[in-house]
Amino acid sequence: MKTVIWIALFVLFLALFGLLFLQIKKPEVPSYLNSTGGDFQLETFQGTMKLSDLQGKVVLLYFGYSHCPDICPATLNVMASGMRLLNKQQQKQVQGLFVSLDPARDSPDKLKAYTAFFGPKIMGGTGKREQLDAIAQQWRFSYHTPEHPKTEFYVVQHPNFLYVVNKEGHVVALLDAKSTPQDVAAEVKIWL
Amino acid sequence: MVVKLWVMLWMLCMTSSAAQACEVMVQAAWARLPPPVSDTAAVYMTLINHCQQRKTLISVTSPQAAMTMMHHANMQMMKSVMLKPNQVFRFKAKSAHVMLMGLKSSIHMGEAVPLILHWQDGYVQVLHVEVKDMRGK
């Protein structure tokens, strides 16, 4: 009888140790991401917010614009679907953020309605051109919004990858346009 | 002599109408349902040239949109799409696509959006593309 108890305790210990190991063991963040990112401020429908206000949550961050017909809605779909693959507890620890690089056409209210279309876990925000330029530099991407567009139907050049930001506000991974909802969910789970 | 001329004329007419009748096959055409606040939508389709001559798509228009453009994946404008005989070209998500800008009214799931393909030989091809809601897919 005693032997059975000892074996059961040993198995329990191994399981707990394994769980602890999985929690602690995070993949190494690529070195080029160490100098990418940082805090910034945005205008949202709820007022001014900082990225650091979301600390404690894993943030999926995408830069685009609402007049973008293909890659932005496709990526936001993947983002929302990926988050839906998580359980309720995990969903509480993740936040989608869509930053518009086209403040002339994307007001905070419009972005609220735009992001709500994809899912309740994605919020939208934008900033002044100088703010967005600073963010682009900090987050190491290039974009182009025409300063004096000849027509209202202009195109904005923007990055097409998803930044994964950990609970401490550091960029830990980039997901490219080929990523699936399963990829998104798997990446988020690592950092929860 | 007159009969010969008529036969030649008839043959010419037949050849020209046959050439005109040969249109590029369009398959799996659909438009992405945009969020209600957006007046921009992407259209995707597969073009298959079963004709014996090369075909060049020079523009796409739609009465539903103020402006329509063909774009590469990187959002650079695509001036034309040239298809050799038996060649296939795909406008697909996260890749080359047709962009409808300034939608005159909001489009809804299941609706058919008219699209007009303008070919270099003057042929005009009218189609209707189904609006699909891709959320959760």
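First the proteins, then the strands, lettered A, B, ... as listed; each starts at 1.
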Worksheet item: Are B/M99 and B/M67 in one and the same hydrophobic cluster, where Ile, Leu, Val, Met, Phe, Trp and Tyr link if side-chain heavy atoms are under 4.5 Å apart?
Response: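 They do share one cluster, since a chain of ILVMFWY contacts under 4.5 Å joins B/M99 to B/M67.
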
Does [atom1] belonging to [X] count more than 12 external heavy atoms closer than 6.0 Å?
X      : atom1 : value
B/Q52  : CD    : no
A/K167 : NZ    : yes
A/K112 : NZ    : no
B/M109 : CE    : no

Chain B-proximal positions within [range] [heavy-atom distance under 4.5 Å]:
range                       : result
residues 44-64 of chain A   : none
residues 68-90 of chain A   : A/P69, A/D70, A/I71, A/P73, A/A74, A/N77, A/V78, A/S81, A/R84
residues 115-129 of chain A : A/F117, A/F118
residues 35-43 of chain A   : none

Worksheet entry | Which of B/R135, B/M75, B/M101 touches chain A most, by non-hydrogen pairs under 4.5 Å |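 Maximum pair count with chain A is reached by B/R135.
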
Worksheet item: Between B/T40, B/L33, B/V43, B/L100, which residue shows the highest count of heavy-atom pairs closer than 4.5 Å to chain A?
Response: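 Option with the top pair count is B/T40.
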
Please flag which part of [X] lies under 4.5 Å from any non-hydrogen atom of chain A: side chain, backbone, both or neither.
X     : result
B/A93 : both
B/R32 : side chain
B/N74 : backbone

Practice prompt. Nearest 0.5 Å please: distance from the CD atom of B/Q76 over to the CD atom of A/Q157.
Written response: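 It comes to 5.0 Å.
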
Discussion item. Working to the nearest 0.5 angstrom, can you tell me the gap between A/F153 CZ and B/T68 OG1?
Written reply: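 Atom-to-atom, A/F153:CZ and B/T68:OG1 are 9.5 Å apart.
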
Discussion item. Can a donor-acceptor pair be found, under 3.5 Å and without considering hydrogens, that links the side chain of B/S38 to the backbone of A/S66?
Written reply: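 Confirmed, B/S38 side chain pairs with A/S66 backbone.
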
Item to complete: Could you tell me which portion of A/Y65 (side chain, backbone, both or neither) has an atom closer than 4.5 angstrom to a non-hydrogen atom of chain B?
Response: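 For A/Y65, the side chain is the part near chain B, not the backbone.
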
